Student: 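Quick one: the structure is below, questions incoming.
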Amino acid sequence: MSKREESRKYEEIIRLALERGFFMPSSEIYGDAPAGFWDYGPLGVGLKRKFIELWRRELVKRDGMLEIDGAQVLSKKVFQASGHLESFVDPIARCKRCKAIYRLDKLIEEKTGIHVPERMSLEEMRKIVKEHDIRCGRCGGELTEFSHFNMMFRLGIGVIGADAYLRPETCQNIFIDFLRIYKTMRKNLPFAIAQVGKSFRNEISPRQGLLRMREFYQAEIEVFFNPKKANEFPKAEPIMDYELRLQPIGKDEPLEVTCREALNSGLISCKLIAYYLSLIQQFYEKAGIPREKIRLRQLGEDEKAFYAVEAWDLEVETSLGWIELVACNNRGTHDLGGHQKFSGHEMEVLDDGEKVLPHVFELSMGVDRSIYCILENALDLEAGKPVLRLPPHLASIEVAVLPLLSKEPFTSKAREIYESLKLEFDVEYDDSGSIGRRYVRLDEIGVPICITVDHQTLEDNTVTLRFRDSALQLRADLEEIVDILKNHLRYSV
RNA sequence: GCGGCCGUCGUCUAGCCUGGUAGGACGCUGGCCCCCCGAGCCAGCGGUCCCGGGUUCAAAUCCCGGCGGCCGCACCA
C-alpha cells in the first residue's frame with residue numbers, strides 16, 4: 001500500500017463515520033468544542049455493543065470471570081494509594097518571555113544529560129535549572145512557573161467541593177472492591193474480575209479520532225493470583241500449542257511461538273500469563289483482525305507504566321502504524337499493596353491455608369481504539385465502492401429486508417417479513433430507490449445479508465438471500481430463514 | 001504545547017488573492033418508471049460560510065484572538 005493510500009484509509013473511515021453515523025465529534029455544532037471527545041451514532045453503538053458482547057463471551061464467560069460496574073468518580077485517597085496523584089504527572093515549566101511550555105524532565109535531560117528520575121522534586125529540578133542556566137530553547141527566556149501537570153480530571157464534590165477525580169483507568173474500582181467481592185462471591189485464587197466502562201485522561205493534545213480521547217471506554221480484566229503458583233495452572237494446558245505472535249525486547253519483528261516454547265525459553269514468565277495472552281490474541285482474531293496484523297510486543301524498562309513488573313502490549317497494524325490496543329501488565333502487588341497500606345484494610349487472602357497478598361495480571365483494553373482498528377480492517381476500497389466487511393457477528397445491522405420493486409404487493413410482503421424478524425435480529429427495511437443502489441448502500445455500512453422479496457416470493461414463499469462478501473444470491477424458503485440467519489450470524493470459532 | 005497548512009449544505013468542493021445576491025457534484029426526500037448490484041426523467045429539501053471581535057457603506061473574502069482538523073516536533077503512566 002502506498003503512503004497516499006494509507007492516509008486515505010484513515011480519511012475514508014472518518015468520512016464513513018460522519019456520513020453514515022458511526023461516530024462524530026462531540027459538541028460539534030458549537031465553536032468551543034474541545035478535542036478528544038466523540039459521540040457514537042446509531043451504527044457505532046451497535047458495533048461497540050457487539051464488540052463488547054464478543055469480549056464478554058470470549059474472555060469473561062470463557063474464563064468464568066466476575067463482572068462489576070463501578071463509579072467513575074473516585075475519592076482522592078484512591079489515587080494516593082494507586083500512585084496516580086504522584087506519578088500520573090508531568091513536571092512542566094513555562095518560559096517567562098514567550099510562554100512556551102516545556103516538559104522539565106525532558107528539557108533537563110536534553111541540556112545536561114542528567115537523568116531525571118520519576119520522583120525528583122520540583123525543588124531539585126529548579127536547582128538544576130539554575131546551576132546549569134537552562135533557558136527557553138526558543139527565545140532564551142527565563143524558565144518560570146515550575147509545576148506538575150496531572151492528567152487526571154479533578155472534581156469538587158458537594159458544596160464544600162471536596163477533591164475527587166474521574167478515574168484515569170477503570171481498574172481501580174476492581175482493586176477497591178476486591179475485598180468485598182472476594183468475601184462474598186466464594187472464589188479462590190486464581191480468579192479474575194472484569195469491568196467495562198468510561199475512563200478519563202486530560203491529554204495535552206488529543207488527536208486521531210478514536211485513537212486518543214480524553215473520555216474513552218476501557219474493558220479491563222484483573223486476574224488475582226498467588227505468585228508462587230503462577231505455573232500451577234491447569235487451564236493453560238489446552239492452549240500450550242497455540243502460537244502467540246510475540247515480539248520480545250530487542251526484536252524488530254514478531255515471532256510465532258507456541259505457549260510451550262515461550263515458557264520453556266523464558267520469554268514469558270509463567271503459564272498464567274501465557275494463558276491470558278492467548279485468550280486476548282484469540283479474541284482479536286475472532287474480532288476479524290488477521291493474525292499477521294497482531295503482535296504482542298514486550299515493553300522495556302523505559303516504556304513500562306510505573307506500576308508494571310512485566311508488560312506486553314497487544315498491537316494491531318493499521319494504515320497509521322502499529323496501534324496499542326491492550327496493555328497486558330503484571331502489576332504485582334502495586335495496587336492491592338497500596339490500598340492495603342492507605343486504607344488499613346488487610347487485602348491478604350487465604351490460599352491453601354497460606355496467607356497471600358494476591359498479585360495482579362491485567363488485560364487493559366481500549367475499546368474505542370479497537371473499534372477503529374476493526375473498522376479500518378473491514379473497510380474494503382478495492383471494489384470501487386466501499387464495502388465494510390465486518391465479521392457478521394459484529395455488524396450493527398444484521399439483515400436488511402428489501403422489496404425488489406417499491407410497490408405493492410412487494411412492499412407489504414417485505415414489511416411482513418421485517419416485522420417477523422425485528423425482535424430477534426437487528427433488521428432494517430428499505431424500499432427507496434433501485435435495488436442495486438440499496439445493495440451498495442447496505443454494503444457500505446456492513447450489512448452482511450439482504451433478504452429480497454421478488455416475483456417468485458409471491459408465488460412460492462421463497463426469497464432471495466444476497467450475501468455482502470460474495471455478492472452471491474441464493475433462494476431460500478421463508479420457513480428456513482431464521483435458521484439460515486442464525487447460522488450465518490453466530491460467533492464463528 | 002510549538003511550527004506549517006487548513007476550516008463553505010450530510011459528504012466532496014468552487015468562490016477568498018482582487019470585499020458587492022454563496023454555486024456545483026454526489027447524497028438525501030417525494031413522484032414517474034418497475035428495475036437483482038451506484039439506471040433514467042421530474043420536482044424538492046438542505047449552508048450560524050468554525051466561533052468571537054475589528055476594518056468597511058458592505059466581510060465567506062481583509063486584520064486580530066479563540067476553537068477545531070491535518071502534517072512535523074513533543075506528549076501518549
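Letters A, B, ... are given to chains in the order of the sequence lines, protein chains preceding strands, and every chain is numbered from 1. Values reported hereafter were calculated over all heavy atoms of this structure, with side chains retained and with hydrogens, waters and symmetry mates removed. Remember, predicted model here, so these are calculated numbers, not experimental data.
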Student: List in chain and number order the residues that pass ring pair (Phe, Tyr, Trp, His ring centres under 6.0 Å) with A:Phe175, two or more places apart in sequence or in another chain; answer none if no residue qualifies.
Tutor: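 Per chain and number, A:Phe175 pairs via ring pair (Phe, Tyr, Trp, His ring centres under 6.0 Å) with no residue.
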Student: Once you apply the 3.5 Å cut-off to both distances, tell me the Watson-Crick or G-U wobble partner of B:U56, or none.
Tutor: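 When the pairing criteria are applied, nothing turns out to pair with B:U56, so the answer is none.
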Student: Suppose you measure atom C1' in B:C28 against the same atom in B:C75; what distance do you get, rounded to whole Å?
Tutor: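 Their C1' atoms lie roughly 42 Å apart.
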Student: Using the ring of A:Phe342 (Phe, Tyr or Trp, six-membered ring only), decide whether A:Lys77 places NZ or CZ under 6.0 Å from its centre and within 45 degrees of its axis.
Tutor: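 Because its charged atom misses either the 6.0 Å distance or the 45° angle limit, A:Lys77 does not stack over A:Phe342.
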Student: Look at all strands and tell whether A:Arg15 reaches a base, only sugar-phosphate, or nothing, counting heavy atoms closer than 4.0 Å.
Tutor: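 Sugar-phosphate only.
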Student: Run the numbers on A:His84 and A:Tyr165 for ring-ring contact (aromatic ring centres under 6.0 Å, His included), then give the verdict.
Tutor: CA-CA 10 Å; A:His84 284 87; A:Tyr165 297 85; over 10 Å; no
Student: Work out how far the C1' atom of B:U48 is from that of B:A59, and round it to whole angstrom.
Tutor: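 15 Å, rounded to whole Å.
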Student: When the C1' atoms of B:U29 and B:U13 are considered, how many whole Å apart are they?
Tutor: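 My reading of the C1' atoms in B:U29 and B:U13 gives 23 Å.
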Student: Per the atom types in the model, does the base of B:G72 pair as donor or acceptor with the side chain of A:Arg207 at under 3.5 Å?
Tutor: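 A donor-acceptor contact between them is present.
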Student: Can you tell me the Watson-Crick or wobble partner of B:G68, both distances under 3.5 angstrom?
Tutor: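 Check on B:G68: paired to B:C6, both distances under 3.5 Å.
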Student: Could you tell me how far apart A:Leu18 (CG) and B:C28 (P) are, to the nearest whole angstrom?
Tutor: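 The distance from CG of A:Leu18 to P of B:C28 comes to 17 Å, rounded to the nearest Å.
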Student: For the residue pair A:Trp38 and A:Phe23, does the interplanar ring angle fall in the parallel (under 30°), tilted (30 to 60°) or perpendicular (over 60°) class?
Tutor: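 Aromatic pair A:Trp38/A:Phe23 classed perpendicular.
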Student: Considering Watson-Crick and G-U wobble pairs with both distances under 3.5 Å, what does B:C33 pair with?
Tutor: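 For B:C33, the partner nucleotide comes out as none, under the 3.5 Å rule.
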Student: Just by protein heavy atoms under 4.0 Å, how would nucleotides 33-46 of chain B read 5' to 3' in B, S and -?
Tutor: -BBBBBS-------
Student: Residues in salt bridge (charged side-chain N to carboxylate O under 4.0 Å, His left out) with A:Glu416, at least two apart?
Tutor: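 Checked A:Glu416 against salt bridge (charged side-chain N to carboxylate O under 4.0 Å, His left out); matches are A:Lys413.
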Student: For nucleotides 48-53 of chain B, give me every protein contact, N/O to N/O, under 3.5 Å, one pair per line with atom names.
Tutor:
{"residue": "B:U48", "atom": "O4", "partner": "A:Ile29", "partner atom": "O", "Å": "2.3"}

Student: Rounded to the nearest 0.5 Å, what separates atom CG in A:Asp454 from atom CD1 in A:Ile435?
Tutor: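 Output value for this atom pair is 9.0 Å.
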Student: Send over the distance from A:Leu43 CG to B:G10 P, rounded to a whole Å.
Tutor: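 About 18 Å, once rounded to whole Å.
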Student: Once you apply the 3.5 Å cut-off to both distances, tell me the Watson-Crick or G-U wobble partner of B:C49, or none.
Tutor: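 In the structure as shown, B:C49 has no Watson-Crick or wobble partner.
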Student: Please state how far atom CE in A:Met24 lies from atom C1' in B:G69, giving the value in whole angstrom units.
Tutor: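 Taking CE of A:Met24 and C1' of B:G69, I get 18 Å after rounding.
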Student: How far does the P atom of B:G47 sit from the matching atom of B:G10, given to the nearest Å?
Tutor: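 It works out to 7 Å between them.
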Student: Does the structure show a Watson-Crick or G-U wobble partner for B:A14, both distances under 3.5 Å? Name it, or say none.
Tutor: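 Its partner is none (no Watson-Crick or G-U wobble pair with both distances under 3.5 Å).
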Student: Let me see the working for A:Ser432 and A:Asp430 under side-chain hydrogen bond (donor to acceptor under 3.5 Å, both in side chains), right down to the final yes or no.
Tutor: CA-CA 6 Å; A:Ser432 73; A:Asp430 189 355; 3.1 Å; yes
Student: I'd like to check the ring pair (Phe, Tyr, Trp, His ring centres under 6.0 Å) partners of A:Phe37; sequence neighbours left out, ordered by chain and number.
Tutor: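 If we apply the ring pair (Phe, Tyr, Trp, His ring centres under 6.0 Å) test to A:Phe37, skipping adjacent residues, there are no hits.
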Student: Can you tell me how far P in B:C33 sits from the matching atom in B:G69, rounded to whole Å?
Tutor: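 Comparing P positions in B:C33 and B:G69 gives a spacing of 49 Å.
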Student: Identify the nucleotide, in any strand shown, that forms a Watson-Crick or G-U wobble pair with B:G44, with both distances under 3.5 Å; if there is none, say none.
Tutor: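 Because both required distances fall under 3.5 Å, B:G44 counts as paired with B:C28.
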Student: Take A:Pro34 and A:Phe216, find for each the nucleotide of RNA chain B with the closest heavy atom, and name the residue whose nucleotide sits nearer the 5' end.
Tutor: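 Of the two residues, A:Pro34 wins.
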Student: Please state how far atom CZ in A:Phe37 lies from atom C1' in B:C67, giving the value in whole angstrom units.
Tutor: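 Spelled out: CZ on A:Phe37 to C1' on B:C67 is 14 Å.
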Student: Using the salt bridge (Lys or Arg N to Asp or Glu O under 4.0 Å) definition, which of the options A:Glu220, A:Glu310, A:Glu169 pairs with A:Arg331?
Tutor: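 By the salt bridge (Lys or Arg N to Asp or Glu O under 4.0 Å) criterion, A:Arg331 pairs with just one of A:Glu220, A:Glu310, A:Glu169: A:Glu169.
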Student: What is the ring orientation for A:Phe361 with A:Tyr276, classed by angle as parallel under 30°, tilted 30 to 60°, or perpendicular over 60°?
Tutor: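 Judged by the thresholds at 30° and 60°, the geometry between A:Phe361 and A:Tyr276 is tilted.
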Student: Rounded to the Å, how far apart are A:Arg201 CZ and B:C75 P?
Tutor: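 Atom CZ in A:Arg201 sits about 17 Å away from atom P in B:C75.
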Student: Rounding to the closest angstrom, what is the interatomic distance between B:G65 and B:U21 at atom C1'?
Tutor: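 These two C1' atoms come out 30 Å apart once rounded.
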Student: To the nearest Å, how far apart are A:Glu324 CD and B:C75 P?
Tutor: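 Result: 16 Å.
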Student: If I take atom CE in residue A:Met213 and atom P in nucleotide B:G69, what distance separates them, rounded to the nearest angstrom?
Tutor: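 Interatomic distance, CE of A:Met213 to P of B:G69: 13 Å.
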Student: Is B:A22 paired to anything, Watson-Crick or G-U wobble with both distances less than 3.5 Å, and if yes, which nucleotide?
Tutor: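 Pairing partner: none.
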Student: Could you give the distance separating B:G40 and B:C50 at their P atoms, to the nearest angstrom?
Tutor: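 It comes out at 33 Å once rounded to the nearest Å.
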Student: Using the C1' atom as the point on both nucleotides, what is the distance between B:C5 and B:C37, in whole Å?
Tutor: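 Each nucleotide's C1' atom is 41 Å from the other's.
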Student: Give one of base, sugar-phosphate or nothing for A:Pro25, where a contact means two heavy atoms less than 4.0 Å apart.
Tutor: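 A:Pro25: no heavy atom of the nucleic acid under 4.0 Å.
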Student: Between B:C73 atom P and A:Gln208 atom CD, what is the distance in whole Å?
Tutor: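 Atom CD in A:Gln208 sits about 12 Å away from atom P in B:C73.
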Student: Using purine N1 to pyrimidine N3 plus N6-O4 or O6-N4 for Watson-Crick, or N1-O2 and O6-N3 for G-U wobble, both under 3.5 Å, which nucleotide pairs with B:U61?
Tutor: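 Its partner is none (no Watson-Crick or G-U wobble pair with both distances under 3.5 Å).
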Student: Mind checking side chain to side chain contact (heavy atoms under 4.5 Å, CB included) for A:Thr462 and listing every partner two or more places apart, or none if nothing turns up?
Tutor: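 Residues passing side chain to side chain contact (heavy atoms under 4.5 Å, CB included) with A:Thr462: A:Gln456, A:Asp460, A:Arg475, A:Asp477.
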Student: Does A:Arg415 make a cation-pi contact with A:Tyr429 (under 6.0 Å, within 45 degrees of the axis)?
Tutor: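 Because its charged atom sits under 6.0 Å from the ring centre and within 45° of the axis, A:Arg415 does stack over A:Tyr429.
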